[in-house]
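Working notes, beginning with the structure itself.
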Amino acid sequence: MAQRTVLVVLFDGVQSLDVTGPVEVFAGAESHTPGSYRIRTASLDGGPVRTSSGLTLVPDGALTDPADDPHTLLVPGGAGTREADARLVDRLRAQAPRAERLVSVCTGAILLAAAGLLDGHRATTHWAYCDKLARDHPAVEVDPDPIYVRDRRVSTSAGVTSGIDLALALVEEDLGREVALRVARHLVVFLRRPGNQAQFSAQLAAQTAHREPLRDVQQWITEHPAGDLSVEALAGRAALSPRHFARAFRAETGTTPGRYVDRVRLEHARRLLEDTGDGVEEISRASGYGTAEAMRRAFVRTLGTSPAEYRRRFRPAHATS
């Protein structure tokens, strides 16, 4: 097995967890499978950098070091990406062709995009910067929803902890599910969340309504995914006409009642698949789908996989049966 060099780029203002999260995953894989990874860190000139939280990181060398030709070039995010150093962007542009895999965590995608390395690729970043990434780099297909996106040799991830999820996915690809599972258990995290999992839960993805009746309806939907969640029934709970309710709900939450219900039901079904041994038919009824086929269609449409396959891949080993 060829050893893979993971080169992590450091710069002033880097987010420390964007660095240490993936590094711990790759280091854990190396400890379980010696000879699998060689981890290197590099700053532009080889000097120490100060993270956004005030920690000082001392790199192994400079980004220009020819000994650092990487298999995986990993670019973390942080406040230092807001005013990108042109020299760093140039160096990434020059370094990228020598790497088999380009990876970014959080706003590290902004640096890759500035170097033209995301052009023609689907990518994501932290939800707060997706609009900026799309606006500044129209050649990039920005998807604001998933926690990470893998498009050919380019992988991008959302907020800080999603870098761990992406790193686990890369380890699983390189070394197999068992090694990734061992690393995840050691770090006390799930094997990995699916990349197309939304950055927010349904409740966080939508805004919280200002008016109390609408807030109460949002909470009721969450607590009763199998209930009658038609616009007419929900409008009755809010003491509004269906038309007024639908208009007010969208104005205050940023989404339609139907889409909000869809998110809640999908999230509820995913939790049951991950945490219980209930059958698919039972889960489909408990989540408001009615039939297993209706739930399967919702999963394939939104997550690109069936409920059975989702459970096989993402149910933690300790889930109750």
Side-chain angles (χ1 to χ4, degrees), residues 5-15 18-19 21-22 42-44 52 63-64 68-167 169-170 173 193-200 205 254-255 259 301-304:
T5 297
V6 178
L7 178 60
V8 183
V9 178
L10 303 181
F11 49 87
D12 284 326
V14 71
Q15 161 66 252
D18 286 6
V19 176
S43 64
L44 187 61
S52 57
L63 197 54
T64 53
D68 281 331
D69 278 3
H71 172 274
T72 299
L73 178 63
L74 191 150
V75 183
T81 64
R82 294 173 192 166
E83 298 293 335
D85 186 324
R87 294 181 306 147
L88 177 59
V89 171
D90 287 344
R91 177 48 49 190
L92 291 175
R93 188 182 296 115
Q95 187 89 27
R98 295 150 59 181
E100 292 187 31
R101 204 158 55 188
L102 302 179
V103 177
S104 69
V105 180
C106 199
T107 55
I110 292 175
L111 297 180
L112 290 183
L117 301 172
L118 297 186
D119 288 358
H121 287 274
R122 179 169 163 260
T124 194
T125 186
H126 189 288
W127 62 268
Y129 293 91
C130 282
D131 286 345
K132 173 179 171 57
L133 182 62
R135 183 175 62 251
D136 294 348
H137 303 281
V140 182
E141 182 188 344
V142 179
D143 189 339
D145 289 330
I147 59 172
Y148 63 81
V149 169
R150 302 190 61 192
D151 187 359
R152 291 161 282 170
R153 75 181 188 114
V154 177
S155 299
T156 54
S157 59
V160 288
T161 58
S162 63
I164 295 175
D165 296 296
L166 177 53
L170 297 175
E173 176 185 275
R193 293 178 288 174
N196 46 15
Q197 187 177 83
Q199 294 193 33
F200 289 123
T255 190
R259 288 177 182 168
R301 182 175 62 250
T302 307
L303 300 177

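In what follows, residues are counted from 1 in the order of the sequence shown. Values below: all heavy atoms of this structure, side chains included; hydrogens, waters and symmetry mates excluded.
Interatomic distance, Thr107 OG1 to Leu112 CG, rounded to the nearest 0.5 Å: 10.5 Å. Remark: Asp119 CG to His137 NE2 distance equals 8.5 Å, nearest 0.5 Å. In this structure, the separation between CZ on Arg87 and CG on Leu44 is 4.5 Å, given to the nearest 0.5 Å. Distance NE2/His121 to CZ/Arg153: 7.0 Å, rounded to 0.5 Å. For the atom pair Tyr148 OH and Asp165 CG, the distance stands at 6.5 Å (nearest 0.5 Å). Here the straight-line distance linking atom CD of Gln95 with atom CG of Leu7 works out to 6.0 Å at 0.5 Å rounding.
Nearest heavy-atom pair across Asp151 and Gly120 is OD2-O, 4.3 Å. The nearest pair of heavy atoms linking Gly78 to Asp18 is N-OD2, 4.1 Å. Minimum heavy-atom separation, Val14 to Pro76: CG2-CG, 3.4 Å. The nearest pair of heavy atoms linking Ala109 to Thr156 is CB-CG2, 4.4 Å. The two residues Val105 and Gly163 have their closest heavy-atom pair at CG1-CA, 3.9 Å. Closest of all the heavy-atom pairs between Cys130 and Thr124 is SG-OG1, 4.2 Å.
Side-chain atoms of Val9 and Leu63, non-hydrogen and from C-beta on, do get closer than 4.5 Å to each other. Under the 4.5 Å side-chain criterion, counting only non-hydrogen atoms from C-beta, Pro22 is not in contact with Val8. At least one side-chain heavy atom of Leu73 sits under 4.5 Å from a side-chain heavy atom of Leu92. Contact annotation: the side chain of Leu10 approaches that of Val19 to within less than 4.5 Å [non-hydrogen atoms, C-beta and beyond]. By the 4.5 Å heavy-atom criterion applied to side chains, Pro146 and Arg122 are counted as neighbours. Within the 4.5 Å cutoff, the side chain of His126 has no heavy atoms near those of the Gln15 side chain. At least one side-chain heavy atom of Arg150 sits under 4.5 Å from a side-chain heavy atom of Leu166. Inter-residue side-chain proximity for Phe11 and Leu111 is flagged as met; some heavy-atom pair is nearer than 4.5 Å.
Side-chain N or O atoms of Thr125 include one that pairs as donor or acceptor with a backbone N or O of Cys106 at under 3.5 Å. Thr72 places no side-chain N or O within 3.5 Å of a backbone atom of Glu100 that could act as its donor or acceptor partner.
At a threshold of 4.0 Å, the pair Arg135-Asp131 does not count as salt-bridged, since none of the basic side-chain nitrogens sits closer than that to a carboxylate oxygen.
A 6.0 Å sphere centred on CZ of Arg259 holds no more than 12 heavy atoms belonging to other residues, nucleotides or ligands.
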